[in-house]
Amino acid sequence: MNEELTLTILGGVDKDGVPEPVKFLEVSKGEIIGIVGPTGSGKSTLIDDIEQLAQGDTPTGRSILINGKRPDAVIRVDPRKKLVAQLSQKMHFLADMTVVDFLHMHARSRGKGPELVDRVIELANTLTGEPISPDHYLTVLSGGQSRSLMTADIAVISDSPVVLIDEIENAGIKKQEALKLLSGEGKIVVVVTHDPVLALMASRRIVIRNGAMMDIITTSREEQDVCGRITQVDNWLMSLRDTIRRGEIVEELA
Amino acid sequence: MKLVVLAGTPGSGKTSVLLHTIRSLIKSGKKPAVVKVDCLWTDDDQRFSKLGIPVHVGLAKDMCPDHFTIYNTDAMLDWGTSNGADIVLNETAGLCLRCAPYPDECLAICVIDVTTGPNTPLKVGPLLTTADIVVMTKGDLVSQAEREVFRERVLDVNPGCIIVEANGLTGKGAFELAEMVTGGPDVCENMVLRYNPPLAICSLCTGETRVARKHHMGVLRQLDGFMEYRGE
């Protein structure tokens with residue numbers, strides 16, 4: 001179904017109603033694209049425009065095209081036909097249900113079978129420290145557990161060709177593994193981030209200021225090299241974090 | 001003349017969604033007017049008035065607000081006509097969730113708050129199950145999966161409805177709603193309700209305040225579910 005998938009963003013206006021400098025951006029299958037900018041600049045708003053496949057009907061006036069065309073109304077609303085899966089910043093569960101009941105119902109809403117539920121929980125438990133049990137109530141899960149569960153849910157149940165991720169670094173989960181899991185086979189991944197590792201893992205990044213797409217930066221060879229080096233630092237920090245979490249003593253400065 | 005009846009659970013964002021929808025209607029050249037029905041008090045008329053459209057407040061006071069709405073539907077349409085409106089938008093108070101003040105020839109919209117959890121659609125009753133459009137609000141406060149589960153629950157109880165995900169803060173969904181309002185049915189003579197009102201008048205409705213069972217008459221349901229008629 002997503003043989004030749006492209007996602008096109010047609011620019012709208014900034015917070016003051018002035019046309020934004022970037023008027024056209026096309027993203028192809030398999031690409032990871034970053035969104036960067038100060039907090040409050042409108043990064044999540046851009047993600048929301050993509051999530052609802054805006055057609056000039058949101059406050060930004062942007063339009064989103066799929067394969068160069070305006071998407072059908074049905075694709076915009078029906079989860080069974082939805083092209084977009086979103087991992088949002090807001091991750092507190094309000095539903096008073098067990099993990100397994102919730103996942104069954106979500107699989108049904110996406111037109112998928114119940115056999116995927118166990119797989120979601122299993123995968124979620126590779127991303128988080130304390131394991132999630134199927135009988136846990138959603139409301140008792142920690143921020144990191146909730147994020148892990150939703151990451152796995154997107155990889156297995158939602159499984160849409162376009163994946164939107166909002167600030168995964170705040171979640172206390174293994175962010176690079178999560179990104180790898182979500183980008184899967186030939187998906188378009190749009191990731192809002194302040195994290196240099198994630199930003200430089202993207203092939204291009206959109207710069208947002210005052211609600212507008214100001215510029216698009218292609219990750220250079222030099223930046224890719226920097227990304228490789230800071231990934232090592234990041235992994236080292238992550239292992240230190242694990243050491244401390246296990247209640248052990250940190251012995252030497254590598 | 002078109003009639004839109006907008007109902008919903010308290011605090012779900014009916015007024016905010018309506019304000020955005022009206023802006024969108026005005027932009028496309030329509031002439032909407034609003035009748036806001038509430039029980040005891042409202043200042044929403046001031047918010048609607050800022051849009052420069054005719055606004056009328058109806059306070060149901062000691063009458064059931066849904067009964068009040070139904071009883072006054074004709075008067076609302078007449079008032080709309082005499083104020084040059086082509087669409088009357090009636091926002092109701094909605095109270096006991098037992099009936100639904102939707103006539104057959106209107107666009108019936110039910111507004112419901114996603115943060116109330118996925119069991120809520122099962123509790124709302126005819127207000128939700130007989131609506132043409134169900135507007136889900138506050139979706140920005142939960143995950144996409146939770147929104148989708150909520151949506152599935154709405155479709156369980158009202159499989160034929162159109163669901164619009166709206167946001168009273170940003171105006172998301174208002175454009176779609178305005179288009180549906182514009183395409184809604186014209187009112188006709190002799191409209192009938194989509195759903196029957198609750199059991200007939202009982203003695204409490206006429207002012208009986210004594211609690212003991214022996215003081216009450218009418219069509220009554222007992223604690224064990226048994227329904228009886230007790231008259232003079």
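The chains referred to below are lettered A, B, ... by the order of the sequence lines, with proteins before strands, and numbering in each begins at 1.
Surrounding CZ of A:Arg209 are at most 12 heavy atoms belonging to other residues, nucleotides or ligands under 6.0 Å away. Sparse packing is recorded around NZ of A:Lys180, with 12 or fewer heavy atoms of other residues, nucleotides or ligands lying under 6.0 Å away.
Checked by atom type and distance alone, the side chain of B:Glu146 pairs as donor or acceptor with a backbone atom of A:Leu94 at under 3.5 Å. A donor-acceptor contact shorter than 3.5 Å links the side chain of B:Gln144 to the backbone of A:Gln86.
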- I would like to know whether B:Glu148 and A:Arg80 meet salt bridge (Lys or Arg N to Asp or Glu O under 4.0 Å); could you show each step before the answer? CA-CA 10 Å; B:Glu148 289 175 1; A:Arg80 287 179 183 78; over 6 Å; no
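Contact check for A:His104 versus B:Val149: no side-chain heavy atoms found under the 4.5 Å cut-off. Between A:Ser109 and B:Arg151, the closest side-chain pair of non-hydrogen atoms is not below 4.5 Å.
Counting heavy-atom pairs closer than 4.5 Å to chain B, the top residue among A:Pro59, A:Ala54, A:Ala85 is A:Ala85.
For the atom pair NE2 (A:His106) and OG (B:Ser143), the distance works out to 7.5 Å, reported to the nearest 0.5 Å. Rounding to the nearest 0.5 Å gives a distance of 10.0 Å between OG1 of A:Thr58 and NZ of B:Lys172. Within the model, atoms CG of A:Asp78 and CD1 of B:Ile163 stand 9.5 Å from one another, a figure rounded to the nearest 0.5 Å. Summarising the geometry, atom CZ belonging to A:Arg108 is positioned 9.5 Å from atom CG belonging to B:Leu155; distances are rounded to the nearest 0.5 Å.
Looking at A:Gln55, neither its backbone nor its side chain comes within 4.5 Å of chain B, counting heavy atoms on both sides.
For A:Arg110 and B:Glu152, the salt-bridge test fails: no basic side-chain N is under 4.0 Å from an acidic carboxylate O.
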